[in-house]
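See structure below.
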Amino acid sequence: MNSTRTRRVLGAAAATAVAALSVGTLAVPAHASGPTLSLDVGALIQIQGEPTTQPQFGENVFIRVGRSGTAPVPGAELTLDTTGLDGVAVLTASGGRCVTAARTITCDLNNLSSPNVNLTDHLWLSAVPGVKAGTRGVVHAALTAPGAEPAHKDFAVEVGGAVFRTAEIPLKEHAKVGSTFSPAVRFANRGGVSAARAVVEVMLLPGLKVENWPSNCEYATDPGQIGKEGFGTPIATTHAVCTVEGEVLPNEPVRLNGLDLTVTSEAEYTFADFSVFADANASAAQGPALRQRLAFQRGTGAPATLTRDSAEGIPSGYPDINGHFTEQEVLADNGADFGLTGTWTPDASGRAGTLTVTAANRGPASIFDRSGGEGTPFVRIQLPEGATVTDLPKNCRANNRVLGETQDRPLNKFDCDAFGFFMANGASSSHVLGVQLDEGSVPLSATVSFQNQHSDLEEGYPSAPMSWDPNPENDRIKVALRSLPAPEPAVPDRGAGTPVEPVAPVVPASAADSSGSTGAGSGSGTGTTATGTAVGTATTATATRTGTGTTGTAGTGTLGLADGGELADSGRGDAVPLAWASATALTLGGAALLTSRRLGRRRS
């Protein structure tokens with residue numbers, strides 16, 4: 001888990017990503033003659049009440065431009081008319097593409113080749129000396145290009161107005177599923193005039209909910225916009241906008257009351273984001289854009305209120321770009337069972353088939369990894385010598401590295417994506433590999449395990465270290481591709497009239513699972529049944545033979561993995577010997593599903 005400061009930055013970045021996803025654009029409807037241009041900028045931009053020097057590469061005006069269609073639009077030009085800022089503020093641009101003539105800034109965007117992109121010309125607003133706090137001006141913006149429908153938008157600029165700065169919220173640890181608590185949402189007005197109200201925007205991730213939203217809050221469910229368009233993994237979130245009336249004086253610290261959070265069964269690590277504004281149309285506010293695509297409904301509970309609070313921990317001075325933002329992180333006493341399953345389906349020849357591997361989060365918690373990938377598992381498939389991949393899915397790739405070093409020969413090791421950074425309760429992913437087997441009768445098996453980004457860099461990674469997983473037994477499995485046929489029982493010659501008794505084959509002691517577990521396999525159909533017992537060991541194994549000859553119907557079985565074991569017949573330095581559970585393993589089956597106990601040591 002990252003430091004508090006790092007997590008706050010990540011949360012702010014996520015909030016910024018949500019902003020990029022939810023913004024609405026103002027554009028004239030398209031005609032068949034050409035593309036439509038789009039222009040987005042916050043309706044209200046608030047700046048400090050005194051003149052401020054632009055930092056190197058600094059900007060406090062953020063504009064996004066774009067065009068419809070797929071072809072670049074030549075000759076695109078952004079014009080900013082600042083006449084309405086006279087006596088209020090000065091707008092400058094230092095990006096190199098912009099020129100200023102009188103009160104107009106013109107930026108040559110040349111070929112506009114994106115549907116939605118940030119303007120990177122370092123636009124900076126600074127107050128005029130002596131301007132009264134709370135004074136507003138306006139900028140007229142226009143995006144034009146030959147043969148394209150233009151876009152226009154005005155935005156207000158407020159100097160020294162009411163603006164809030166938030167305190168960090170302490171991490172809540174060991175939260176119990178079903179418990180309810182009040183997050184310490186604290187902030188102060190760092191502007192030069194009083195605020196008539198506080199507009200609090202809330203975003204809840206899975207694992208947190210509000211049982212009864214206050215009556216001065218409106219809320220809506222987002223099915224997964226933040227993940228689908230921003231991070232690759234859909235995340236269902238809840239958004240709310242709470243408008244709490246009441247004067248907040250300059251430099252007055254207050255606390256939000258009446259908005260209680262309940263920890264649900266999906267919580268393991270989760271969080272709630274809060275953004276606080278004095279104006280609903282502030283440039284970083286998401287409410288107006290969210291209302292355009294989500295259906296909000298009003299709460300029915302007691303209204304949320306503001307009470308005067310201590311200024312401890314609330315930064316002084318005018319807010320930076322994320323000064324309005326704070327986050328409640330929650331670590332719940334909960335877990336999620338991640339598990340692997342695999343099946344082998346041979347063709348009629350028995351020498352080729354498909355290996356299907358499925359990774360699943362069986363819950364109850366949804367897992368959110370903000371550690372940069374350390375906790376996000378992928379699936380590793382280690383094939384033995386004698387097995388060759390003929391069809392590799394596009395989200396799988398060969399891995400020829402050992403401890404970060406690329407080897408001079410293929411390792412028959414493949415890594416497949418399993419989950420994104422958010423792993424929802426019930427999420428799963430499957431991978432189907434085409435595999436060809438060499439001729440022979442030697443048993444072949446694939447080892448499948450969860451791994452993460454450190455697996456090729458450090459020792460001790462028989463599977464991914466998933467601290468939330470209470471059941472590591474299914475984090476690493478073995479799938480039989482070709483089993484050793486069970487021998488026919490020997491029938492001693494006792495002469496005529498002597499009863500015939502089958503002799504059970506002896507399983508070598510070296511085949512026993514070192515854990516002392518028991519494995520069993522069974523199949524349907526008709527045929528001969530053989531039962532074997534390993535003499536002098538604590539392990540027993542049984543198998544039911546199905547059909548006749550070298551091919552048969554579907555079979556299932558369970559085989560134990562030795563401690564840290566890989567495939568014994570791989571013949572490579574990175575493999576660890578694997579103990580077979582029984583010499584009476586299954587004959588070739590239509591589908592063999594095998595699970596195992598992972599005995600490799602877990603990393604804490």
Side-chain angles (χ1 to χ4, degrees), residues 4-5 7-24 40-47 60 62 158 161-169 182-191 195-205 208 210 213-214 216-220 222 225-226 230 235 237-246 248 253-259 261 270-294 296 299 304 306 309 313-315 318-330:
T4 300
R5 182 177 181 278
R7 291 192 299 266
R8 182 178 172 91
V9 171
L10 285 171
T16 303
V18 176
L21 298 173
S22 60
V23 292
D40 179 79
V41 60
L44 172 64
I45 297 176
Q46 296 170 293
I47 62 174
N60 56 13
F62 301 95
E158 183 182 55
V163 62
F164 295 120
R165 193 164 193 180
T166 60
E168 288 194 3
I169 304 176
S182 299
V185 181
R186 302 169 53 248
F187 52 96
N189 178 5
R190 298 307 188 193
R197 65 191 57 83
V199 179
V200 183
E201 295 183 349
V202 186
M203 183 180 76
L204 305 180
L205 258 70
L208 295 174
V210 174
W213 284 95
N216 52 354
C217 295
E218 296 174 87
Y219 63 97
D222 189 335
Q225 184 87 351
I226 179 176
I235 307 174
T237 53
T238 300
H239 292 277
V241 179
C242 302
T243 304
V244 187
E245 301 291 343
V248 183
V254 295
R255 175 171 177 155
L256 177 69
N257 298 299
L259 189 65
L261 303 180
T270 188
F271 59 91
D273 286 347
F274 301 90
S275 296
V276 190
F277 305 98
D279 192 300
N281 291 313
S283 59
Q286 301 306 304
L290 290 170
R291 293 180 191 278
Q292 293 181 16
R293 64 180 183 83
L294 299 178
F296 279 78
L306 299 176
D309 199 82
I314 303 178
Y318 204 82
D320 59 17
I321 185 175
N322 290 315
H324 60 274
F325 172 85
T326 190
E327 185 172 86
Q328 172 69 75
E329 294 180 287
V330 177

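- Note that the CD1 atom of I235 and the CG atom of L205 stand 5.5 Å from one another [nearest 0.5 Å].
- Atoms CG and CG, on L208 and L261 in that order, are 5.5 Å from each other to the nearest 0.5 Å.
- Residues L259 and P183 form no side-chain contact, since every pair of their non-hydrogen atoms from C-beta on lies 4.5 Å or further apart.
- H239 contributes atom NE2, which lies 4.5 Å from atom CG of D222 (distance to the nearest 0.5 angstrom).
- For the atom pair M203 CE and T238 OG1, the distance stands at 10.0 Å (nearest 0.5 Å).
- Checked by atom type and distance alone, the side chain of S275 never pairs as donor or acceptor with a backbone atom of F325 at under 3.5 Å.
- For the pair N189 (side chain) and V248 (backbone), a donor-acceptor distance under 3.5 Å is present.
- The aromatic rings of F187 and F164 stand perpendicular to each other, their planes meeting at an angle above 60°, with 30° marking the opposite boundary.
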Begin with the C-alpha distance, continue with both residues' side-chain angles, and end with the deciding distance and a verdict on side-chain contact (heavy atoms from CB on, under 4.5 Å) for L204 and T237.
CA-CA 6 Å; L204 305 180; T237 53; over 6 Å; no

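- The distance from atom CG of N322 to atom CZ of R165, rounded to the nearest 0.5 Å, is 10.5 Å.
- Scanning all heavy atoms of the two residues, the minimum distance from A167 to I314 falls at CB-CG1, 3.7 Å.
- Between T243 and N216 there is no side-chain heavy-atom pair separated by less than 4.5 Å.
- Between I45 and N60 the shortest side-chain heavy-atom distance does not fall below 4.5 Å.
- At distances below 3.5 Å, not a single donor-acceptor pair connects side-chain atoms of R197 with backbone N or O atoms of A280.
- Taking the side chain as every heavy atom from C-beta outward, R291 and E218 approach each other to under 4.5 Å.
- Although no hydrogens or angles enter the test, the distance criterion places no donor-acceptor pair under 3.5 Å between the side chain of D309 and the main chain of P253.
- Closest approach of G258 to P214, counting heavy atoms only: O-CG, 3.4 Å.
- Judged purely by atom type and a 3.5 angstrom limit, T326 has no side-chain atom pairing as donor or acceptor with the backbone of F274.
- The closest side-chain heavy-atom distance from R190 to P319 is below 4.5 Å.
- A donor-acceptor contact shorter than 3.5 Å links the side chain of Q46 to the backbone of A162.
- Considering only residues two or more places apart in sequence or on other chains, E201 meets the salt bridge (charged side-chain N to carboxylate O under 4.0 Å, His left out) condition with none of them.
- To the nearest 0.5 Å, the span separating CD on E245 from CG on L306 amounts to 10.0 Å.
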